[in-house]
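Chain naming here is simple, since letters A, B, ... match the order of the sequence lines and numbering starts at 1 in each.
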Amino acid sequence: MNENPFLGALEWLSDPARWTGPSGIPLRTAEHLGYTALGVLVAALIAVPVGLYVGHTGRFKGLAVGAAGVARALPTLGLVTLFALLVGIGLTAPLLSFVILAIPSLLAGAYSAVESADPATVDAARAQGMTEWQILTRVELPLGMPLLVGGVRGATVQVVATAMLAAYVGSGGLGRYIFQGLGSQDYPQMIAGSLLVIVLALVLDLALLLLQRATAPRGTAAA
Amino acid sequence: MSWVLENLDVIAGYTGAHLVQALPPILLAFALSLPLAKLANSRGWLRTGVTTTSGLMYAIPSLPLFVLLPGLIGTGVRSPLNIVIALTLYGLALMVPTASDGFRSVSRDVLGSATAQGYAPAARFWQVELPLAGPVLLGGVRVVAVSTISLVTVGGVLGVPSLGMLFVDGVRRGIVAEIAAGVVATAALALLTDALLVLLGRLLMPWHRGREGSRP
Amino acid sequence: MSIHSTRRHLLGALGAGGLALGAAACGSSDPFEEEGGSSGAAGSDGGGEAPAGTLAIGSQAYYSNEIIAELFAQVLEKAGFTVDRQYQIGQREVYMPELEAGSLDLLPEYLGNLLQHYESDAGSASPEEIRSSLEEALPEGLRVLSFAEASDQDSYTTTSDFASTHSLSAIGDLAGVEEDLKIAANSEFETRPYGPEGAKSVYDVDIAVVPVEDSGGPLTVQALLDGDVQLADIYSADPSIAENDLVVLEDPESMILPQNVVPVVSEKIDEQAAEAIEGVIAELSADDLVELNRQSVVDQASSADIATGWLTEKGLL
């Protein structure tokens, strides 16, 4: 490290050869995005229905909060290595870990979205003869949408910053640059990989923030 | 399972090292977040700055930060100090916006009447403002504690002793029980700390009945 | 320098706090003082200075390296020295500066990798040649003792099925294989002289790296057995080679650097200490190292127990 590794990282990024080919930045970024999207999507399929149910009925809330708490406490590196030993290399092990990582934020987002609806509003809807399903989909969800998207936003940022662990067990993504840089003491490459992850995380965060604003029902302030 | 029973001393040793790296950042993040949040709340543009910086901080992957910090501040790579500093930064990124929200949630009127009752500024802060912001602060510290304890494991990849070493050694030797022990011990440590914080909150804030304070 | 020592004091204090906490948390006595604790819970004080007269022994964060360090530790204790075990330190970039600074006195190393740490362009050569290059390359105050027959080097390893289907015995034979070749290895393999570039220039073989960061451990082996990859970089002392009937492809052009075990020591290792260490080196054969590793991986024994068993068997304790 005789030269400044941060300048080295910028040099690394500005080399046009890095921007093409099967180990080029666009492909690695696409892989990274893909892992993130898949992880959050699978987690959402599990957590959002559960969260909506818990939020709407108020049942099993303690259980849901507890499960989310335990999931939050699990170290992702441990999960990735544990699952990898059990199922082998490839995407399964990191993906399972990302799903577990994403669930708490999504679950909390979903149930707080439903809970946030004013009980008086919900009672009024019920008095008008709406079914429970209609109350959930036409009253509670539209009102709480920004909170639900907030949960997606939190989960996405967490997973995108952690998705580098996929490269620990034989998959791709931007983690490849980070681990290769780490293993061969090529710090410019490692920093460049980290910068790409940071940029990706910020772009996703901003995009979801805008979505959060856009989903706020007219006449209410975004949460 | 027999690996766990024969290596309780190893697990205990790593647990100790883990706590040494996890507790200072939790305490530091809490203590430093109070003045920073007060400062941020005093100027609108500062508040925006703090929120933006926190978002940025959270997007930085932890492993590269652990590796780079020694070069930036001159510590040794294996020094737990790097981990402590990096995790304090992550903790602040979570805690400052939360504390800022907490202080803003205290109504102006309450503060005004405290002043009218003759509270000096310092006394008003410690005896009125801080306790009223307490529940929100507690929620923030709980999230910081759990995420910090989990993040310490990442240092294991670099050979900084913590429960994370069990993952790295376990995956090389193919000992599932070793990794599982690391996962369970880390989670147990996090949940235990969380429970202690809830208990502490009940003792310090008997009027607040431990509502779920963590934010999505 | 003074800043450095202050920091060490701070860290020492931090470490001591940890000991107290650890002891309080588990209600047992100080876990770090445990005689030769297996996965090396030592070294949590971040490389504090050992007291005078004590030899600080380090190891890489690699179970096999820790076993060798433990062999040295036990013979040194037998010879009357006090040792301070600082195992599982991690990478060369971390512990070599500590050896240079005198906070570590002894660490088991590997010939080729150690030389490449100081001369990144060092080409392959015989173990003897590498050892003499090392004597030149090592900084003031450090030296290497004799090297063992035991070696733990990178390899191009495949399954016996794949080897017989394509009649492979050496790396060069891979040039005749039609399908795309993938090798599971740590990601730094990509940039090593014996990585894809070396294979291309020396043997005209095209391979792609699938990074698996377990240093040729069970994930790498499983990927090979499952057919996710056709080749794997498995260290030659890994017991899984024999266990799974794997074939290590020969390297007639000596592209891969020899990695015989060699102790790197500070000036605090005097003649008497060096003699004790050399006693271990003289006995440590290639098969011995595989067997020691097997006890760690298969029997899940601790490094202390494995070391005691082997040293007793060799009459060194």
Step-by-step side chain to side chain contact (heavy atoms under 4.5 Å, CB included) determination, A:Q180 to C:T191: CA-CA 9 Å; A:Q180 197 176 316; C:T191 53; 3.6 Å; yes
CD on C:Q222 to CG on A:L85, rounded to 0.5 Å: 9.5 Å
Below 4.5 Å from any heavy atom of chain A, which atoms of [X] appear? Answer side chain, backbone, both or neither.
X      : result
C:D228 : side chain
C:P218 : side chain
C:V209 : backbone
C:R192 : side chain

More than 12 heavy atoms of other residues, nucleotides or ligands under 6.0 Å from [atom1] of [X]: is that the case?
X      : atom1 : result
C:E197 : CD    : no
C:D180 : CG    : no
C:E179 : CD    : yes

Region of A:A167 in contact with chain C, defined by heavy-atom distances below 4.5 Å: backbone
Please give me the minimum heavy-atom distance between [X] and [Y], naming the atom from each residue.
X      : Y      : result
C:L219 : A:V169 : CD1-CG1, 3.7 Å
C:A223 : A:I89  : CB-CD1, 3.4 Å
A:S171 : C:P211 : O-CG, 4.3 Å

Side-chain heavy atoms of A:R176 within contact of C:S187, under 4.5 Å: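 No, side chains not in contact.
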When C:V212, C:T220, C:D214 are compared by non-hydrogen pairs under 4.5 Å with chain A, the top option: C:V212
